[in-house]
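The block underneath contains the structure these notes are about, expressed in structure tokens.
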Amino acid sequence: MLRVTATHGDITTLAVDAVVNSADPRVRVGSGGGVNAAVHRAGGPAVLAECEKRFPRGLAPGDAGWTTGGDLPARWIIHTVGPVYSGAPSDADLLASCHRSVLQVADELGARTVAFPA
């Protein structure tokens, strides 16, 4: 049975099987704030090293891939590249593709608990 629970907090501190990272297309450390920068900062250098190895050309928008959780309490990080919101009808389709891709990767990993950023 699927159960969804909403919580308020820091995604990098959650003891779940996988956290979802709203990655940039290169799947590298973001230059500013946001989820991507926080996940890379908290996950440590192992996350970046694995991103460089697993995604040498990055990820296409709507796709997802995984790395180790590094120093996070989560075992895995599932990286996905979403739309840069423009108000175009395709934004919703692309965001839905991100969610489907993340859930497919989570299923392949056997992750039973997955934290999505809001």
Under 3.5 Å donor-acceptor pairs involving side-chain atoms of residues 109-118, not counting sequence neighbours:
unit_1	atom_1	unit_2	atom_2	d
T113	OG1	D17	N	2.8
T113	OG1	D17	OD2	3.4

Side chains of residues 59-70: which donor-acceptor pairs under 3.5 Å do they make with residues two or more places apart or in other chains?
unit_1	atom_1	unit_2	atom_2	d
T67	OG1	H79	NE2	2.8
T68	OG1	G70	N	3.1

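To the nearest 0.5 Å, the span separating CZ on F55 from CD on E50 amounts to 7.5 Å.
When all heavy atoms of D10 and T12 are compared, the closest pair comes out as OD1-OG1, 2.6 Å. When all heavy atoms of C51 and H40 are compared, the closest pair comes out as SG-CE1, 3.8 Å.
Linking ILVMFWY side-chain heavy atoms closer than 4.5 Å, directly or via other members, places L103 and I78 in a single hydrophobic cluster.
The list of side-chain hydrogen bond (donor to acceptor under 3.5 Å, both in side chains) pairs with a residue in residues 93-105, not counting sequence neighbours, reads Q104-E108.
Residues meeting the side-chain contact (heavy atoms from CB on, under 4.5 Å) test with T5, sequence neighbours left out: R3, T7. Take D91 and apply the side-chain hydrogen bond (donor to acceptor under 3.5 Å, both in side chains) test, not counting sequence neighbours, and it matches S86. Every residue was checked against the side-chain hydrogen bond (donor to acceptor under 3.5 Å, both in side chains) condition with E52, not counting sequence neighbours, and none meets it. With sequence neighbours left out, the side-chain hydrogen bond (donor to acceptor under 3.5 Å, both in side chains) criterion links T80 to no other residue.
Judged by distance alone, the side chain of N36 and the main-chain N or O of N21 form no donor-acceptor pair under 3.5 Å.
In this structure, I11 shares a hydrophobic cluster with L14, V16, V19, V35, V39, V47, L72, I77, the cluster being traced through Ile, Leu, Val, Met, Phe, Trp and Tyr side chains under 4.5 angstrom apart.
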